[in-house]
Number of protein chains: 2
Amino acid sequence: MRQVPAKLAAKLYGAAELIAERGIGDAKIDEIAEAAGIPRATLYYYFTGKDEILAFLLHDMLDLVAGEVGTAVAGTGTARDRLKAVVGAQLSVMLENPAVCRALVGELGRASRLPDLAKALQMAFHEPVERLLEEGVEDGTLRKLDNPFAAALSVFGAVTVAGLTHAVAGLSSDPATVANEVCDVILGGLQTET
Amino acid sequence: MRQVPAKLAAKLYGAAELIAERGIGDAKIDEIAEAAGIPRATLYYYFTGKDEILAFLLHDMLDLVAGEVGTAVAGTGTARDRLKAVVGAQLSVMLENPAVCRALVGELGRASRLPDLAKALQMAFHEPVERLLEEGVEDGTLRKLDNPFAAALSVFGAVTVAGLTHAVAGLSSDPATVANEVCDVILGGLQTET
DNA sequence: GCCTATGCTGTACTGCAAGTACAAACTAGC
DNA sequence: GCTAGTTTGTACTTGCAGTACAGCATAGGC
């Protein structure tokens, strides 16, 4: 895969909706080319095929998530506050790029075939959250859990599915509201005081 | 789609691994036929194409989930206990059918294109959980939340992603352990007492 | 035991879309 | 205006999904 010029990358996003809607398998390369406003031959000049186009889009978005999440983690405040910020950051990116985000989830099941993608996801979200959980134990704002790895997984799931559902259904698309709803559950828990 | 005989359905599960691994788009119909031990022509006798084969497998598993979850919801005990049972039920089915489960998630992004699938998922998990949350408020074992719909979504996400990750990675595949980890987070929450 | 309806399977064919090849046109730096 | 790299149009090859259909198997009625 050649170095993709920024101008071309921007145009590619014009095809994200199509890919998300029909899946990479059912979207014809000619349609992608047309939707993006890029000649077919040019696509093949930069990418070896459809899959690589998809991989490029996904990677691009994950970089975005990783950046925002990184900023949130590095911010000031308690670990709990920063965890909230992380959730908000991920949801912001997701809801601002609903099409790419849908495409991403559509390929999640193939994660084992796309080790790069799985790793990028890990770096972008999972690892920072796990670290925050540890810091929260230290500063006393988060509860100590038996299995922080599993906890980070659950947090990731809750955030991702919430984001995806809103992205697909186009529900109340305010990231802040969604973030609050998710945080309410994962921070406060569902049960009454024991 | 013709009525599929049980014997044939059972054989089809032999191809689930292949489909999950390569995605329905990249799995050739001849390979599916071979993996399942069913002649190609017979597949086309029962199904109109690849997509229908996938849809059949997914629907089959969702029925399974719906059944188990239904049993768990209808059981005895507090709403909180039954919520735990629901989580356990979903994880059991997922970890017993990791391949189909991966295939399902691989097609989640297309949910908007497969309204049947989205609806089945809704019925199988989301709706029962939302109901349990209400009952929990009544019997005092679960906290009253601003937005039970969003909460059910988060629960679904946490459970599904945990199940999927274990299914894909083949981690500690004991459903009960995974269920405990997930429940610990979603019931108890992450934050310390305020 | 035969006959008929329906289920099942092998084989040959069609059509579509992915990907390739390549030459012509364009652009930028020198 | 020469050269190296980029961009695009067009024509071609190939592989797979899906179709058509004929022949074989099986079961149930008589």
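Everything numeric in this text was worked out from a predicted model, so none of it was measured. For the numbers below, each heavy atom of this structure counts, side chains included, while hydrogens, waters and symmetry mates do not.
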Under the side chain to side chain contact (heavy atoms under 4.5 Å, CB included) test, which residues partner [X], sequence neighbours left out?
X: Val185(A); answer: Leu190(A), Ala151(B), Ser154(B)
X: Glu130(A); answer: His126(A), Pro148(A), Phe149(A), Ala152(A)
X: Leu64(A); answer: Val93(A), Asn97(A)

In whole angstrom, give the distance that lies between atom [atom1] of [X] and atom [atom2] of [N].
X: Tyr45(B); N: dG23(D); atom1: OH; atom2: P; answer: 18 Å
X: Leu8(A); N: dT6(D); atom1: CG; atom2: C1'; answer: 11 Å
X: Glu34(A); N: dT8(D); atom1: CD; atom2: C1'; answer: 16 Å
X: Leu43(A); N: dT8(D); atom1: CG; atom2: C1'; answer: 11 Å
X: Lys7(B); N: dG7(C); atom1: NZ; atom2: P; answer: 17 Å
X: Arg22(B); N: dA17(D); atom1: CZ; atom2: C1'; answer: 15 Å
X: Arg2(A); N: dT8(D); atom1: CZ; atom2: C1'; answer: 14 Å

(message) I'd like to know if Met123(B) and Leu83(B) are part of one continuous hydrophobic network [Ile/Leu/Val/Met/Phe/Trp/Tyr, side-chain heavy atoms within less than 4.5 Å].
(response) no
(message) For residues 8-19 of chain A, which residue pairs pass the side chain to side chain donor-acceptor pair (under 3.5 Å) check, not counting sequence neighbours?
(response)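 Qualifying pairs: Tyr13(A)-Asp60(A), Glu17(A)-Arg102(A).
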(request) Give every residue pair that meets the ring pair (Phe, Tyr, Trp, His ring centres under 6.0 Å) criterion with at least one member in residues 48-80 of chain B, sequence neighbours excluded. (result)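 Only Phe47(B)-Phe56(B) qualify under ring pair (Phe, Tyr, Trp, His ring centres under 6.0 Å).
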Set out, line by line, the N/O atom pairs under 3.5 Å between protein and nucleotides 13-20 of chain C.
from    : atom 1 : to       : atom 2 : distance (Å)
dA17(C) : OP1    : Lys28(A) : NZ     : 2.9
dA18(C) : OP1    : Ile29(A) : N      : 3.1
dA18(C) : OP2    : Ile29(A) : N      : 3.3
dG19(C) : OP2    : Tyr44(A) : OH     : 3.3
dG19(C) : OP2    : Lys50(A) : N      : 3.4
dG19(C) : N7     : Arg40(A) : NH2    : 2.8
dG19(C) : O6     : Arg40(A) : NH2    : 2.8
dT20(C) : O4     : Arg40(A) : NH2    : 3.3

